Amino acid sequence: MMITMLNTLKITAQDLNKPEIAEKLKATLLSGGLVIFPTETVYGIGGHALDPLAAAAIYAAKGRPSDNPLIVHVACFDQIDALAYREQAYIDALAQAFWPGPMTLVLRKKASVPQGTTGGLSTVAIRIPSHPVAQAVLSLVDVPIAAPSANLSGKPSSTSFSHVENDFTGKVDVLIDGGDVPIGLESTVIDATGPIPVILRPGAITQEMIEAVLHEPILDHSESLVDGAPKSPGMKYKHYAPQARLEIVSGSDEDLLIFLRQAIAIDPKVGILGPHEVLDQLEGGTHLDLGSRAHLDDMAHQLFGALRALDDQQITHAYFIAIPDQGVGKAIMNRILKAANHQVITLEETSKGTL
Ligand code: AMP
Ligand code: MG
């Protein structure tokens, strides 16, 4: 397919208040064009969700396989019934508790949603974002907008405007600069088609938060496979990967420091991503400080930017210091395990060996 370079219009969130810009944005989306906008999770690359050609354009711009379904964004709850069946009683309770916000529900789709948007599935993933710019775009066009994360397929999601500028200038019609996004990890995806909700992708809305609302246990299948295939199609692809060889290293602070000092002695440029409680005790190496492990939300916020910084600084080998797999830590570890292609070094076993 011929890829034509587009003349990308770059605007700020404030520009949306100008009638001529608002009109242009609306016309772009309603005619099948693509607009990148900030959401509270990550930047999204948006197109008309009910227009199969717009969905095809999103896949082409991202270089994304077309069996990987798109999340459909709507401005308010009333828009959902036109798109999907609300079959389970808990759906309304979850919506009440977490929408607008970083939660995506997978529901059985109605005929209005083209298979091109859902990667051929009979279900559709729906989210109501809370970010004021995302809300402004959705209210302006008054149609559902399919908006996967705005990154080239396989690369870290975009959490600041420079990321989308680098990846998509010339490939989409409009870029909206909304500064840094507040959360920095993609939404929690929940399969809401069966009697018990099932987490397909962990995110800022944690299992504990959902169980506290529903007063009953739910399931987390984010790491599980069905007959060798992931339940959520996006999970089978290489994700978030930097160019560097990335390994996760797990152990006590004492063992970590011994291991990382050896690693720095071998490669003084080696990348080290982790909490500053550990980094502060190390000299040398290329530090990518994710903040304090007492503030996992902050670490989540820094994660994708740090993975991109590895590429910018042409780091060829890096270690990520593992954090506890709890709360938002679960979502962080889910992303980093993919970025590292599941390469984990557990120090109890290896610290006395070689690197
Ligand atoms: P992204 O839009 O890049 O944040 O990724 C969307 C995620 O939602 C991917 O992991 C998809 O596999 C998942 N997803 C979207 N639609 C569905 C669906 N109908 N069923 C299961 N997972 C879905
Ligand atoms: Mg994505």
Side-chain angles (χ1 to χ4, degrees), residues 34 36-47 49 54-55 58-59 61-74 80 83-85 87 101-110 113-127 129 131 134 144-159 163-164 167-168 181 183-194 197-205 219-226 229-241 300 303-304 307-308 331 334-339:
L34 303 185
I36 288 185
F37 57 87
T39 82
E40 69 278 23
T41 57
V42 295
Y43 272 82
I45 172 169
I58 293 174
Y59 288 119
K62 280 189 65 136
R64 180 176 189 157
S66 59
D67 68 339
N68 191 350
L70 307 174
I71 294 178
V72 173
H73 293 68
V74 292
I80 291 175
L83 306 171
Y85 298 94
E87 290 164 326
M103 173 184 76
T104 298
L105 295 183
V106 173
L107 305 172
R108 199 156 62 79
K109 84 174 191 70
K110 290 189 175 168
V113 182
Q115 299 245 334
T117 298
T118 64
L121 295 177
S122 58
T123 52
V124 58
I126 299 183
R127 183 163 100 81
H131 195 289
I145 296 292
S149 54
N151 52 278
L152 301 176
S153 189
K155 288 289 164 194
S157 301
S158 296
T159 54
H163 302 161
V164 290
D167 287 0
F168 289 103
V181 298
I183 295 175
L185 289 181
E186 308 85 345
S187 58
T188 306
V189 178
I190 302 166
D191 179 349
T193 58
V198 182
I199 294 181
L200 301 179
R201 177 174 72 184
I205 306 289
L219 300 170
D220 182 342
H221 287 177
S222 55
E223 296 301 328
S224 66
L225 304 174
V226 178
K231 259 203 97 185
S232 183
M235 299 310 212
K236 72 174 182 258
Y237 295 107
K238 193 173 152 213
H239 254 86
Y240 318 118
L303 181 69
F304 289 135
L307 289 175
R308 283 178 179 256
N334 168 273
R335 305 308 190 273
I336 205 75
L337 277 162
K338 292 192 172 63

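Quantities reported herein were computed from a predicted structural model and do not represent experimental measurements. Order of appearance sets the numbers: ligands from 1, and atoms from 1 within every ligand.
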| Do Ser157 and Glu186 have side-chain N/O donor and acceptor atoms under 3.5 Å apart? | yes

| request: Please could you name the atoms of ligand 1 that Leu121 approaches to less than 4.0 Å, counting only its heavy atoms? | output: 18 (C), 19 (N), 20 (N)

| query | Given that the side chain starts at C-beta and the backbone is N, CA, C, O, which of these parts of Val42 lies under 4.0 Å from ligand 1, counting heavy atoms, or is it both or neither? | reply | neither

| message | Val198 and side-chain contact (heavy atoms from CB on, under 4.5 Å): which single residue from Thr193, Val189, Asp191, Val106 fits? | response | Asp191

| task | Examine distances only and state if a side-chain atom of Arg201 and a backbone atom of Ser187 form a donor-acceptor pair shorter than 3.5 Å. | result | yes

| Any donor and acceptor pair, going by atom type alone, linking the side chain of Thr39 with main-chain N or O of Thr41 inside 3.5 Å? | yes

| field | Donor-acceptor contact below 3.5 Å, side chain Tyr59 vs main chain Asn68 | value | yes

| field | Metal environment of the Mg ion (ligand 2), protein N/O/S under 2.8 Å | value | Ser149 OG

| query | If you take all heavy atoms of Leu185 and Ala331, which pair is closest and at what distance? | reply | CD1-CB, 3.6 Å

| field | Part of Arg108 with heavy atoms under 4.0 Å of ligand 1, whether side chain, backbone, both or neither | value | neither

| Counting each atom of ligand 1 from 1 as listed, which ones have a heavy atom of Thr123 under 4.0 Å away? | 18 (C), 19 (N), 20 (N)

| task | Please assess Thr123 against Thr118 for the test side chain to side chain contact (heavy atoms under 4.5 Å, CB included), listing each intermediate value before the final yes or no. | result | CA-CA 7 Å; Thr123 52; Thr118 64; over 6 Å; no

| said: What I want to know is whether Ser149 and ligand 1 share at least one N or O pair that is separated by under 3.5 angstrom. | reply: yes

| For ligand 1, which atoms sit closer than 4.0 Å to a heavy atom of Asn68? | 9 (C), 11 (C), 12 (O)

